[in-house]
S.K.: 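The following block contains the structure, expressed as structure tokens.
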Amino acid sequence: MASLPTFDLPVLSLALLETAEGREKLAQQFREAGETTGFMQVIDHGVSPSLISRAFAAAEAFFALPLAEKQALARDPFTNRGYELIGGQALEGSLGSSEVQEGLVDAEKVKVGSGDQKEGLMMGDDRIREGDKNWGRFGHGRNRLPSEDAQPRLRGLVDEYFDAVKEVPRKMMEVVALSLGLDPKTCFTAEASKDPIMALRFLHYPATDLANITGIGSHSDFGFLATVAVTDTPGLELFYQGQWLDVIPIPGAFVINIGDSLSKVTGYKSSLHRVINKSGRSRYSIPLFLEGNSDFIVKPLVPVDGDQEEYLTVEQVLRSRFDSTYKTG
Ligand SMILES: O=C(O)CCC(=O)C(=O)O
Ligand SMILES: [Fe+2]
């Protein structure tokens, strides 16, 4: 299949946070990205390449386990933790009808009809205990991982990876505030990022020799920011100016994109994207979603005149988006 034109993601260096001029430059770059596609790549992020490689090795080892062992860890729809089978989610189901009418959903695509051709392991912060503020709330809970015998040291690695990578969206939320001329300590970014729902996900798109098999259907992300670790196996596509474009990040960078909640609050773009694994080999990725504080009300910073919309909390937004994309639990 002919390859698509490439979209060059803007490159943002988090090292710039260290100086006043640097912060100004980052704010400017974020504003430009937010007004164009909401997609960027972030370097100098402080997460060690060896930790990222170990996480990919762990993802590969997890998906290589016998299916029955993975299915025993089936995703719990309330905590949003656990294994999701190939075809279990259809992200195109999360689109609003206006996007379908506007033709943003690819018409020529071969519709598989059985959901996204990916399998996943949904995880998050595993340290919550009974009595904690978020205990018993949607999107919080304990990870559902294989036993120590089945996959040694996975639990420790997931915690280590989560702790290191969650600092990246935390810093990026500061950049969001700066890009709007706001004080990161007191503006909405502080409230939205406090004790947030964060979903960490191992994803596997199996190799296929069929063109146009949708690994993840066209969708925009639900929450504030997605921070995605990818390998050199391509497949991510972005919809921009009426066409699908290949996204090829530089090695070691995180792909960061704005989700619908941040878009709603700020007016920045949250673009449609999808994954089609045309590489002929397995593709893996590891997104970390900053979904936001459960009780944060997702409403525009600048009130819209005559607006009658009833705004939802982060928790309400997420529950409805997850419910509309998972066929079963
Ligand atoms: O696998 C990727 O590169 C992107 C994954 C993605 O878009 C998602 O999980 O929402
Ligand atoms: Fe996504």
Side-chain angles (χ1 to χ4, degrees), residues 55-95 111-126 137-147 150-151 154-155 157-158 161-162 165 197-208 213-223 226-231 233 235-236 259-260 273-277 282-291 315 317-329:
F56 275 108
E60 207 170 325
F62 172 77
F63 291 116
L65 291 173
L67 185 59
E69 272 183 49
K70 293 185 284 186
Q71 279 183 306
L73 305 167
R75 172 180 169 270
D76 173 332
F78 188 77
T79 61
N80 199 24
R81 310 290 167 101
Y83 176 68
E84 37 167 323
L85 196 60
I86 291 182
Q89 190 182 31
L91 265 162
E92 230 167 76
S94 70
L95 291 178
K111 192 82 179 96
V112 196
S114 54
D116 295 339
Q117 296 304 293
K118 59 153 168 59
E119 55 182 337
L121 179 64
M122 292 293 255
M123 299 167 286
D125 191 344
D126 196 38
R137 295 202 66 172
F138 176 80
H140 294 279
R142 302 299 308 282
N143 290 337
R144 307 204 69 201
L145 301 177
S147 69
Q151 189 172 352
L154 179 62
R155 195 168 289 276
L157 171 66
V158 167
Y161 185 85
F162 182 89
V165 180
I197 300 178
M198 290 189 103
L200 175 67
R201 201 178 197 195
F202 284 171
L203 282 176
H204 173 217
Y205 307 85
T208 165
I213 287 286
T214 308
I216 282 195
S218 320
H219 68 284
S220 47
D221 291 337
F222 311 158
T227 301
V228 189
V230 292
T231 64
T233 307
L236 177 60
D260 291 340
H273 53 286
R274 67 182 184 188
V275 173
I276 298 183
N277 180 11
S282 273
R283 178 178 185 275
Y284 299 89
S285 68
I286 310 182
L288 174 66
F289 300 98
L290 171 62
E291 313 283 29
E315 183 175 313
V317 169
L318 282 182
R319 291 185 81 156
S320 93
R321 299 289 295 267
F322 277 108
D323 283 354
S324 66
T325 58
Y326 280 98
K327 288 187 294 196
T328 53

S.K.: Return the set of residues passing side-chain contact (heavy atoms from CB on, under 4.5 Å) with A55 (not counting sequence neighbours), or none when no residue passes.
M.R.: Y161, I286

S.K.: With no hydrogens and no angle check, is any side-chain donor or acceptor of E291 less than 3.5 Å from a backbone partner on A199?
M.R.: no

S.K.: Do R144 and M122 have side chains that get closer than 4.5 Å, going by heavy atoms?
M.R.: no

S.K.: Apply the side-chain hydrogen bond (donor to acceptor under 3.5 Å, both in side chains) test between N80 and each candidate in H140, R201, R75; give the one that qualifies.
M.R.: R75

S.K.: Can you tell me which residue pairs pass the salt bridge (charged side-chain N to carboxylate O under 4.0 Å, His left out) test with a partner in residues 214-223, sequence neighbours excluded?
M.R.: none

S.K.: For the side chain of S147 and the backbone of A150, is there at least one donor-acceptor N/O pair under 3.5 Å apart?
M.R.: yes

S.K.: Taking side chain as C-beta onward, heavy atoms only, is L145 less than 4.5 Å from L121?
M.R.: yes

S.K.: Looking only at atom types and distance, does a side-chain atom of D260 sit under 3.5 Å from a main-chain N or O of F222, one as donor and one as acceptor?
M.R.: no

S.K.: Compare all side-chain heavy atoms of T208 with those of Q117 and state whether any distance is below 4.5 angstrom.
M.R.: no

S.K.: If you define the side chain from C-beta out and look only at heavy atoms, does anything of Y205 sit under 4.5 Å from S285?
M.R.: yes

S.K.: Which residues satisfy the side-chain contact (heavy atoms from CB on, under 4.5 Å) test with T79, sequence neighbours excluded?
M.R.: D76, R81

S.K.: Would you give the length of the straight line joining atom CZ of R142 to atom CG of D125, rounded to the nearest 0.5 angstrom?
M.R.: 9.5 Å

S.K.: Which atom names give the shortest non-hydrogen contact between G215 and D116, and what distance separates them?
M.R.: O-CB, 3.0 Å

S.K.: Does any part of the side chain of V158, heavy atoms only, come nearer than 4.5 Å to the side chain of N143, both counted from C-beta?
M.R.: yes

S.K.: Can you measure from OG1 (T214) to CG (N277) and round to the nearest 0.5 angstrom?
M.R.: 11.5 Å

S.K.: Could you grab the distance from atom NE2 of H273 to atom CG of L91, nearest 0.5 Å is fine?
M.R.: 8.0 Å

S.K.: Give me the atom names and distance for the closest heavy-atom approach of D126 to R155.
M.R.: OD2-NH1, 2.7 Å

S.K.: Restricting to pairs with a member in residues 58-73, which pass side chain to side chain donor-acceptor pair (under 3.5 Å), not counting sequence neighbours?
M.R.: K70-E119

S.K.: Under the side-chain contact (heavy atoms from CB on, under 4.5 Å) test, which residues partner S282, sequence neighbours left out?
M.R.: H204, Y284

S.K.: Compare all side-chain heavy atoms of F62 with those of P146 and state whether any distance is below 4.5 angstrom.
M.R.: yes

S.K.: According to side-chain contact (heavy atoms from CB on, under 4.5 Å), who are the partners of R319, at least two apart in sequence or on a separate chain?
M.R.: F78, F138, E315

S.K.: Do L154 and F202 touch side chain to side chain, with heavy atoms closer than 4.5 Å?
M.R.: yes

S.K.: What distance do L67 atom CG and L85 atom CG have between them, rounded to the nearest 0.5 Å?
M.R.: 6.0 Å

S.K.: If you round to the nearest 0.5 Å, how far is CD of Q151 from CG of L65?
M.R.: 5.5 Å

S.K.: Under 3.5 Å, side chain of R283 to main-chain N/O of T233, donor-acceptor pair present?
M.R.: yes

